[in-house]
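Taking it in order: structure first as structure tokens, then the write-up.
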Protein chains: 4
Amino acid sequence: MSPLRPRPKQETTEKPATSPRPARGKGGKNRREDILRAAGTLMAAKGYDATSMRDISAAVGMLPGSVYYHFPSKEALFVELHNDVVQTMTARVLAALEGVDDPWERLRLSARAHLEGLIQNDNLVAIVSPQFIGGEKEVAQVVTDHRRTYEQIFRDIFEALNLPEGADPTILRLGLFGSLNWVPVWYEGDGRRSPAEISDQFVATLKSAYAA
Amino acid sequence: MSPLRPRPKQETTEKPATSPRPARGKGGKNRREDILRAAGTLMAAKGYDATSMRDISAAVGMLPGSVYYHFPSKEALFVELHNDVVQTMTARVLAALEGVDDPWERLRLSARAHLEGLIQNDNLVAIVSPQFIGGEKEVAQVVTDHRRTYEQIFRDIFEALNLPEGADPTILRLGLFGSLNWVPVWYEGDGRRSPAEISDQFVATLKSAYAA
Amino acid sequence: MSPLRPRPKQETTEKPATSPRPARGKGGKNRREDILRAAGTLMAAKGYDATSMRDISAAVGMLPGSVYYHFPSKEALFVELHNDVVQTMTARVLAALEGVDDPWERLRLSARAHLEGLIQNDNLVAIVSPQFIGGEKEVAQVVTDHRRTYEQIFRDIFEALNLPEGADPTILRLGLFGSLNWVPVWYEGDGRRSPAEISDQFVATLKSAYAA
Amino acid sequence: MSPLRPRPKQETTEKPATSPRPARGKGGKNRREDILRAAGTLMAAKGYDATSMRDISAAVGMLPGSVYYHFPSKEALFVELHNDVVQTMTARVLAALEGVDDPWERLRLSARAHLEGLIQNDNLVAIVSPQFIGGEKEVAQVVTDHRRTYEQIFRDIFEALNLPEGADPTILRLGLFGSLNWVPVWYEGDGRRSPAEISDQFVATLKSAYAA
DNA sequence: CATGAATGAGGATTCATTCAT
DNA sequence: AATGAATGAATCCTCATTCAT
């Protein structure tokens, strides 16, 4: 763990309180998902490196070794988590687009869905973030692939905007993505501005600048 | 400068021949800066957690323990590095603004200076990255303070734009920052689009949407 | 048989259709032997310590826990495996001696049978290997007992040679054993020299030196 | 650790007794050699896999992590140990041959030196042993190379014997090696037969069989 | 200024084993 | 006869850090 983000040493007192010792064959059938959820929360909060398997296992009430029954490695756990997140985000965005035809409206709604997903599930913040994993090996590729697939949705939407000459759709799309993905860095859930208002403002800027 | 430990940056000329052993044959006059530079490069590439003091010391040809002569801790090293980076960026942006009065031109040039600094010194990428503010400790606060100071320049520039009703300068500024800071995530130095072109496009969008 | 758990080796024909579920589609009738075989191969290749119950269970298509239905512990599994191996070797050597009377010919044939068994069943290599007797526990004793029983055959054969004064039968027997057991260390199944040729050479040396 | 060779749980009572806590900068300058010696003893007794870095560090009065200051990995430690052992053995054998010209006498003396080295330094037993390391990767190759170099001495000696037709020097050499290397498996330091007597007997057999 | 040697805590991972189902 | 899920202890190793020299 990084000393930059220390962790309370013995938080054993704040256990789920359901049962003092969960015995062998716990009720909930899918501990896998518990683990994924816990890992998501922790990694979003502290980063991949700063989140230890100990942390994850403790969060889900297991011993560290037990996590390895479900996932062969921390990396594999992360990859699956990342995949899940992208899956969820994809579904969310596609749902928002359902039945909407106007190109600029489609952009507005997808940006909104993206940002709301980012803010609500704090899972997602770090996930979509770059150079995320220390070892820049195969995992980085997998993660990049996941992201690319997701971004295809936005590529298509930008395509349909029929932007005027001089407006590079790729740069504008990546610029919008940057704006949105950066929001969690400064956003404070104080309610002054909702994610929806924020993303609407970003898209409004684009529309105001480039709509026919 | 660093709140933890002031550093004699320019006045090394005062006592050039005092040290009987001229250090391990390294050209650079003081190792402190070597360490900072190495730490910057490594942390930018791999992140704070994934960069060990061993890595840093090895990169500068020292033993791990020796780094502690120069910096009391990894944390302090990082804080000073971050401060340096912000200092450098500030100087770069202010230099670019010198003698320029037109508000939109000022925005264009400062955005350009920011992005070019980001891309050139790979130092800077990770520093400004969200992952570094996850924690809730003093360091996080210091880092946030550094950034806030730097961003004040941009706050002022946006103020001067006199944006129309309905255009929230804060959101637009943070949106631009997001766009710019996200560039290193996808930018590949393949020369197809220069950082300058990219930042110009972002600013052009804002201008096109909101300029009087 | 194993002192820990008797095993119905040959009488499996008695109740061929009792089990309603014919096991996971495997051909071999009982999984116990599959496990033993797999354990033998793996332990021969990697050693006792380096062979995990996971390895063994995977090799036979089971989950690790399932092995414990058949064997109470890794130790017990090994003891039984070792016993089996010695049993097999004993049978092989005795078969080779059948009907042979000449003492030197008996030595030649038994050495040949021993080495061929060693080379063919790679099972056997590691089993007879010194590394396995390092420990000071009961298992080590059991294993040593197994081996001693087997070696009795050779003790008898050497006795019958009526070696001349000055030729210590014990040392010569152990020397021959060493020569033979060491062969797997350097033998490469390239066919240049067959195990039979090798063992014949060893025995020929003894005969040439000590035969009346 | 293998359950075959369990280890007393808390033998902290049997510390060297020199000083209750060795403080920071211990007196003896080369802890490296201490580590190598300890590792040698332990690995010879229990095998590579069964000897943990904990064991080694405890034997030399260090914390496990401290060993890594001296050796980058368990494997590297083993490789160096193995190299040292071969070096020592080589020196021992060459010293024994000094000034001796008669070919059979050279064989007798080198075999004696080999076996005495094997028995005295219990280090050496396991080292010269085969399939020693679990992971049969590069290390296995290095170890094999070490051994091959050492065995060249014996190859030369056998060459000089001018064995008659039909006596394969390679097989005989490997047979002798097997006989000698197997001795530690059965030898008990009860003094009935000295290593020298044993090795002399092995060589005498060869000479009796093949000397002109 | 720096090294050499260590510490102590924690990192990911693997192990033999258990047991309810 | 075997699975699925977990345990607890041990594995190798890395980390930031210390300090006598």
Side-chain angles (χ1 to χ4, degrees), chain A residues 1-3 9 22-26 29-32 49-57 61-75 77, chain B residues 19-24 30-32 49 51-57 61-75 77, chain C residues 19-24 30-32 49 51-57 61-75 77, chain D residues 1-3 7 9 22-26 29-32 49 52-55 57 61-75 77:
Chain A
M1 264 269 277
S2 150
K9 286 229 160 147
R24 275 293 164 73
K26 202 159 189 175
K29 57 175 77 76
N30 35 4
R31 313 285 275 126
R32 256 186 86 88
D49 286 304
T51 302
S52 71
M53 292 299 262
R54 268 160 161 75
D55 292 341
I56 296 169
S57 72
M62 271 174 166
L63 291 176
S66 305
V67 176
Y68 286 81
Y69 176 77
H70 301 279
F71 301 93
S73 72
K74 189 183 176 186
E75 256 186 25
L77 166 50
Chain B
S19 112
R21 251 226 287 108
R24 274 284 209 75
N30 60 348
R31 317 289 274 131
R32 276 196 113 238
D49 286 301
T51 302
S52 70
M53 292 299 263
R54 271 161 169 70
D55 292 341
I56 296 169
S57 71
M62 271 172 168
L63 290 176
S66 307
V67 175
Y68 285 81
Y69 177 81
H70 301 281
F71 300 93
S73 72
K74 187 184 178 184
E75 218 173 89
L77 166 51
Chain C
S19 115
R21 252 226 285 109
R24 273 286 207 72
N30 60 345
R31 318 287 274 129
R32 277 195 114 237
D49 286 300
T51 302
S52 70
M53 292 299 264
R54 271 162 171 69
D55 292 341
I56 296 169
S57 70
M62 271 173 168
L63 291 175
S66 307
V67 175
Y68 286 81
Y69 177 81
H70 300 280
F71 300 93
S73 72
K74 188 184 177 186
E75 219 173 88
L77 166 50
Chain D
M1 264 270 275
S2 149
R7 177 187 36 134
K9 287 229 159 146
R24 273 295 163 71
K26 204 161 189 176
K29 58 174 77 73
N30 35 5
R31 314 285 276 127
R32 255 186 87 88
D49 286 302
S52 71
M53 291 301 260
R54 268 161 162 72
D55 293 342
S57 72
M62 271 174 167
L63 291 177
S66 305
V67 176
Y68 286 82
Y69 176 77
H70 301 278
F71 301 94
S73 71
K74 189 183 175 185
E75 256 187 24
L77 166 51

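Order of the sequence lines sets the chain letters (A, B, ...), proteins ahead of strands, with each chain counted from 1. Keep in mind it's a predicted model, so treat the numbers as computed, not measured.
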Nearest-angstrom distance from the residue atom [atom1] of [X] to [atom2] of [N]:
X: Arg31(B); N: dT3(E); atom1: CZ; atom2: C1'; value: 13 Å
X: Glu75(D); N: dC12(F); atom1: CD; atom2: C1'; value: 11 Å
X: Asp55(A); N: dT13(E); atom1: CG; atom2: P; value: 14 Å
X: Leu77(B); N: dA16(F); atom1: CG; atom2: P; value: 10 Å
X: Met53(A); N: dT11(F); atom1: CE; atom2: C1'; value: 16 Å
X: Asp49(D); N: dC12(F); atom1: CG; atom2: C1'; value: 12 Å
X: Tyr69(D); N: dC15(F); atom1: OH; atom2: P; value: 16 Å
X: Ile56(B); N: dT17(F); atom1: CD1; atom2: C1'; value: 13 Å

Sugar-phosphate, base or nothing in reach of Ser57(B), heavy atoms under 4.0 Å: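 Since no nucleic acid heavy atom lies under 4.0 Å of Ser57(B), the category is nothing.
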Using the side-chain heavy atoms of [X], tell me which of these nucleotides is nearest: [options].
X: Ser66(C); options: dT17(E), dT17(F), dT3(F); result: dT3(F)
X: Leu63(C); options: dG4(F), dA6(E), dA6(F); result: dG4(F)
X: Ser52(A); options: dA5(E), dG11(E), dC13(F); result: dG11(E)
X: Met62(C); options: dT3(F), dT7(E), dT7(F); result: dT3(F)
X: Lys74(A); options: dT13(E), dA2(F), dC1(E); result: dT13(E)
X: Tyr68(A); options: dA5(F), dT13(E), dT17(E); result: dT13(E)

Just to be sure I follow the notation: if a pair is Watson-Crick (purine N1 to pyrimidine N3 plus N6-O4 or O6-N4) or a G-U wobble (N1-O2 and O6-N3), each under 3.5 Å, what dot-bracket string does DNA chain F give, with | for pairs to another strand? .||||||||||||||||||||
Ignoring backbone atoms, test whether Arg54(B) places a side-chain nitrogen or oxygen under 4.0 Å from the OP1 or OP2 oxygen of dT14(F).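 For Arg54(B), the contact criterion (side-chain N or O under 4.0 Å from OP1 or OP2 of dT14(F)) is not met.
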Taking only side-chain N and O atoms of His70(D), does any of them lie within less than 4.0 angstrom of OP1 or OP2 on dG4(E)?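 No, His70(D) has no side-chain N/O under 4.0 Å of OP1/OP2 on dG4(E).
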Let me check something: any side-chain donor-acceptor pairs from residues 63-70 of chain A under 3.5 Å, sequence neighbours excluded? List them with distances.
from	atom 1	to	atom 2	distance (Å)
Ser66(A)	OG	Leu63(A)	O	3.4

For Met53(C) against Leu77(C), the heavy-atom pair lying closest together: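 Minimum heavy-atom contact is SD-CD2, 4.2 Å.
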Map Val67(B) and Val67(D) onto DNA chain E by nearest heavy atom, then report which one ends up closer to the 5' terminus.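 Closer to the 5' end of DNA chain E: Val67(B).
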Pick the nucleotide of DNA chain E nearest each of Gly65(D) and Pro72(A); which residue has the one closer to the 5' end?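 Its nearest nucleotide being more 5', the pick is Gly65(D).
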